[in-house]
Amino acid sequence: MNLHTKAVHAGERRKAAAQTPVTTPIYTAASYSCDSMEQLDRIFGREEEGYCYARYDNPTNAALEAQVNALENGHGALACASGMVALQMALATALMDRRKSIVAADALYGASVGLLMNVFEPSGVSVRFAGVCDLDGLRAAVREARPGCILMEAISNPLLRVGQIDRIAEIAREAGAALIVDSTFATPLLLRPLELGAHFSVHSLTKFLSGHGDVLGGVVISDAEHYEALRRLSRTIGPVLGPFESYLAMRGIKTFPLRMERQCANARLVADWLAAHGRVERVYFTGDPAHPDAAAIRRLFPPGLFGAMVSFEVRGAGKPEIFRFMDALKTIVRATSLGDVHSMMLYPAMSSHRELSPKHRERMGIRDNLVRLSVGIEAPEDIIGDLEQALG
Ligand SMILES: *Cc1c(COP(=O)(O)O)cnc(C)c1O
């Protein structure tokens with residue numbers, strides 16, 4: 001055989017050993033060959049399970065999808081290249097056979113508002129925002145807008161409101177709408193939207209699930225009714241996560257429950273400490289007994305777990321004071337994103353909600369003295385010590 005031919009074929013396409021590797025390898029292959037054309041034909045026709053092309057299925061992604069689907073008690077999952085494209089896939093699938101109308105929670109991740117306003121609305125989908133913590137108000141909005149889909153976050157960003165997913169799922173079903181829950185802030189440790197009647201659960205894998213700040217990814221977990229349509233759409237559009245990122249996400253998720261338990265415990269300590277600090281005007285935390293959604297939280301979350309996000313307002317601060325406070329942080333990382341092993345702080349008015357006008361922010365309750373803290377797994381006294389020295 002010629003050297004040019006050997007370079008391409010030698011060593012490749014060997015059958016895997018009879019032994020099973022203890023972790024799923026990173027499959028980089030773009031396509032798969034079969035022993036016979038007949039078998040390839042059956043796989044292309046989806047009469048036989050198997051792999052033929054990486055845009056359709058990939059064994060590394062399949063392992064991650066099975067892992068996340070098990071955590072969420074779903075029917076099936078789709079790993080995507082980002083949380084945003086996961087959200088887009090869920091919305092597109094939900095609206096496929098439904099009215100092209102969305103009722104969305106009025107408190108959403110900034111880019112999710114952008115997705116609705118800059119992608120869905122210009123393509124002819126009507127979008128209406130409504131509060132999801134006031135069920136009567138939501139019912140009225142749904143009656144008027146007659147949506148094909150309701151979109152909400154399990155814990156809203158950055159003010160940490162908690163809607164009653166099970167009751168909202170009933171409102172959606174009565175209206176013939178699908179319910180999509182972005183559960184990124186809650187994670188499957190706190191609640192599992194499909195168990196509460198949602199049709200889709202969506203996560204940014206970038207955050208708590210991967211947890212180490214080294215993966216950008218997303219995932220849609222679907223019920224049985226929508227799973228085939230979701231995969232069909234994905235085979236055409238190709239929003240899929242790369243196998244390297246799939247591997248990293250799966251590796252991260254193995255320790256996610258341990259990390260999250262620790263982060264939740266740390267967040268409680270930090271929130272209590274902040275509430276007692278003279279320079280802190282107000283603390284937003286889901287574990288606060290005076291939280292406006294305390295009854296829903298008690299009903300939906302497991303005892304003692306409230307999430308790892310704490311938002312707070314610095315008394316009398318504007319942008320310059322917040323910049324000075326955040327510049328003084330030594331351990332807590334000044335960065336966008338959340339859910340990592342290290343604590344991180346973000347200034348919503350500058351980052352996640354930058355595109356909104358000051359008046360729109362004010363109406364949402366996002367003031368210029370508000371910061372958002374994602375509490376990590378460090379020793380709690382070191383996180384508190386850093387806040388203490390920076391607050392001065
Ligand atoms: C980060 C985030 C997203 C978007 O995820 P990406 O992985 O950045 O695309 C969506 N929703 C929420 C609540 C998020 O925090």
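All ligand and atom numbering here is 1-based and tracks the order in the structure. Just the heavy atoms: all of them, side chains too, but no hydrogens, waters or symmetry mates, feed the values below. What you are looking at is a predicted structure, and each value in this text was computed from that prediction instead of being measured.
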Quiz item: Is any side-chain N of the basic residue among Arg98 and Glu225 closer than 4.0 Å to the acidic one's carboxylate O?
Solution: yes
Practice problem: Taking only Lys NZ, Arg NE, NH1 and NH2, and the carboxylate oxygens of Asp or Glu, determine whether Arg363 and Asp106 approach each other closer than 4.0 Å. | Solution: no
Quiz prompt | Other ILVMFWY residues reachable from Ile377 by side-chain steps of under 4.5 Å | solution = Val341
Exercise. Answer with yes or no whether the side chains of Gln389 and Asp386 bring together a donor and an acceptor at under 3.5 Å.
Key: yes
Show which side-chain atoms of residues 236-249 pair as donor or acceptor with protein atoms under 3.5 Å away, not counting sequence neighbours.
| from | atom 1 | to | atom 2 | distance (Å) |
| --- | --- | --- | --- | --- |
| Thr236 | OG1 | Arg232 | O | 3.3 |
| Ser246 | OG | Asn61 | OD1 | 2.6 |

Quiz item: Among all residues two or more places apart in sequence or in another chain, which pass the salt bridge (Lys or Arg N to Asp or Glu O under 4.0 Å) test with Asp136?
Solution: Arg139
Present, as a list of atom pairs with distances to 0.1 Å, all nitrogen or oxygen contacts under 3.5 Å between ligand 1 and the protein.
| from | atom 1 | to | atom 2 | distance (Å) |
| --- | --- | --- | --- | --- |
| ligand 1 | 5 (O) | Ser204 | OG | 3.1 |
| ligand 1 | 7 (O) | Gly83 | N | 2.9 |
| ligand 1 | 7 (O) | Ser204 | OG | 2.8 |
| ligand 1 | 7 (O) | Thr206 | OG1 | 2.7 |
| ligand 1 | 9 (O) | Gly83 | N | 2.9 |
| ligand 1 | 9 (O) | Met84 | N | 2.9 |
| ligand 1 | 11 (N) | Asp182 | OD2 | 2.6 |
| ligand 1 | 15 (O) | Lys207 | NZ | 2.7 |

